[in-house]
Engineer: 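Before I ask anything, let me first share the structure, which is written out below as structure tokens.
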Amino acid sequence: MDLWVEDLDRAAASWGWLLGELGWTEFQTWEGGRSWAHPDGTYLGVEQSPDLAPGRHDRLRAGLNHLALTTTDRPALDAVRAAAGQHRWRELFADRYPHAGGPEHTALFLEDEQGFEVEVVVAPE
């Protein structure tokens, strides 16, 4: 999956930090883009394409609403939450953390500067 972003350097810094915290490793770097791979083979890229239409991503319009990623346990989730603001992520639904998705669902919801939302979920045992 590739996300088209307005500012590659900022996106690479924030996404690179988050994905690294969740066990992903840098996979590829090219002019205009970066990608990271998960141990299961999934990969995610961010790209600043010259064909990008201007304007911030809007998760409420047709297209991608959010990505759901997993972490190992609640302490790892708490660590991501504690450091997210330093890496240009804004917490969503902070008043309902860690159960904004429901009482049986342990997750953290974040939004980056360009409007992309991520749900970091504690993987079921």
Engineer: Any heavy-atom pair between the side chains of Thr25 and Tyr43 that's under 4.5 Å?
Structural biologist: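 Tyr43 vs Thr25: side chains apart.
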Engineer: Rounded to the nearest 0.5 Å, how far apart are CH2 of Trp15 and CG of Leu67?
Structural biologist: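 The distance works out to 5.0 Å.
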Engineer: So do Val80 and Trp89 actually touch side chain to side chain, heavy atoms under 4.5 Å?
Structural biologist: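 The answer is no; the side chains never approach within 4.5 Å.
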Engineer: Under the rule for side-chain contact (heavy atoms from CB on, under 4.5 Å), what residues qualify as partners of His99, not counting sequence neighbours?
Structural biologist: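 If we apply the side-chain contact (heavy atoms from CB on, under 4.5 Å) test to His99, skipping adjacent residues, the hits are Thr106.
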Engineer: Establish whether Leu18 and Phe93 are linked, either directly or via other cluster members, by ILVMFWY side-chain heavy-atom contacts under 4.5 Å.
Structural biologist: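 Leu18 and Phe93: separate clusters.
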Engineer: Sequence neighbours excluded, which residues qualify as salt bridge (charged side-chain N to carboxylate O under 4.0 Å, His left out) partners of Glu47?
Structural biologist: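 Checked Glu47 against salt bridge (charged side-chain N to carboxylate O under 4.0 Å, His left out); zero matches.
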Engineer: Taking side-chain hydrogen bond (donor to acceptor under 3.5 Å, both in side chains) as the definition, give me every residue that meets it alongside Tyr97, ordered by chain and number, with sequence neighbours left out.
Structural biologist: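 Listed in chain order: Asp78.
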Engineer: I'd like to check the salt bridge (charged side-chain N to carboxylate O under 4.0 Å, His left out) partners of Glu26; sequence neighbours left out, ordered by chain and number.
Structural biologist: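 For Glu26, no residue satisfies salt bridge (charged side-chain N to carboxylate O under 4.0 Å, His left out) once neighbours in sequence are set aside.
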Engineer: Out of curiosity, His87 NE2 to Leu110 CG, how far, rounded to the nearest 0.5 Å?
Structural biologist: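 The CG atom of Leu110 is 11.5 Å from NE2 of His87, to the nearest 0.5 Å.
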Engineer: How would you list, by chain and number, every residue that makes a salt bridge (charged side-chain N to carboxylate O under 4.0 Å, His left out) with Arg96, sequence neighbours excluded?
Structural biologist: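 Expected list: none.
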Engineer: Checking the side chain of Glu6 only, and the main-chain atoms of Gly55 only, is there a donor and an acceptor separated by less than 3.5 Å?
Structural biologist: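 Answer holds: yes.
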Engineer: Arg88 and Ala13: which non-hydrogen atoms are nearest, and at how many Å?
Structural biologist: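 Nearest pair, atom of Arg88 first, then Ala13: NH1-CB, 4.2 Å.
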Engineer: Excluding sequence neighbours, so at least two apart, what forms ring-ring contact (aromatic ring centres under 6.0 Å, His included) with Trp36?
Structural biologist: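 With sequence neighbours excluded, Trp36 shows a ring-ring contact (aromatic ring centres under 6.0 Å, His included) to no residue whatsoever.
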Engineer: Can you find a heavy atom in the side chain of Arg59 that is under 4.5 Å from one in the side chain of His66?
Structural biologist: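 Answer no - side chains too far apart.
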Engineer: Give me the atom names and distance for the closest heavy-atom approach of Arg81 to Ala94.
Structural biologist: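 Shortest heavy-atom separation between Arg81 and Ala94 comes out as NH2-O, 3.7 Å.
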Engineer: Count I, L, V, M, F, W, Y as connected when their side-chain heavy atoms are under 4.5 Å apart, and connections chain through other members. Are Leu92 and Phe116 then in the same cluster?
Structural biologist: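 Per the 4.5 Å side-chain linkage, Leu92 and Phe116 are not co-clustered.
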Engineer: With a 4.5 Å limit on heavy-atom distance, are the side chains of Leu3 and Leu64 in contact?
Structural biologist: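 When only atoms from C-beta onward are counted, Leu64 and Leu3 do touch, with a gap below 4.5 Å.
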Engineer: Could you report the tightest heavy-atom contact between Phe109 and Ala100, atom names first, then the distance?
Structural biologist: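 It is CE1-CB, 3.8 Å.
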Engineer: Rounded to the nearest 0.5 Å, how far does CG of Leu108 lie from OG1 of Thr71?
Structural biologist: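 Output value for this atom pair is 9.5 Å.
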Engineer: Roughly how far, to the nearest 0.5 Å, is CG of Leu8 from CD of Gln114?
Structural biologist: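 Answer for the CD-CG pair, Gln114 versus Leu8, is 9.0 Å.
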Engineer: Could you grab the distance from atom OG1 of Thr70 to atom NE2 of His38, nearest 0.5 Å is fine?
Structural biologist: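 Output value for this atom pair is 5.0 Å.
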Engineer: If I compare all heavy atoms of Pro39 with all of Gly23, which pair ends up nearest, and what's the gap?
Structural biologist: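 Between these two residues, the closest heavy atoms are CD-O, 3.5 Å.
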Engineer: CH2/Trp24 to OG1/Thr42 distance, rounded to the nearest 0.5 angstrom?
Structural biologist: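 Spacing of CH2 (Trp24) from OG1 (Thr42) equals 5.5 Å.
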Engineer: Do Trp30 and Val5 share a hydrophobic cluster (ILVMFWY, side-chain heavy atoms under 4.5 Å, transitive)?
Structural biologist: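 No; tracing contacts between hydrophobic side chains, which count when under 4.5 Å, never links both residues.
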Engineer: Less than 4.5 Å apart, side chain to side chain, heavy atoms only: is that true for Pro98 and Arg74?
Structural biologist: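 Side-chain contact under 4.5 Å: yes.
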Engineer: Among Val121, Leu19, Leu44, whose side chain to side chain contact (heavy atoms under 4.5 Å, CB included) with Leu69 holds?
Structural biologist: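 That would be Leu19; it is the only one of Val121, Leu19, Leu44 passing the side chain to side chain contact (heavy atoms under 4.5 Å, CB included) with Leu69.
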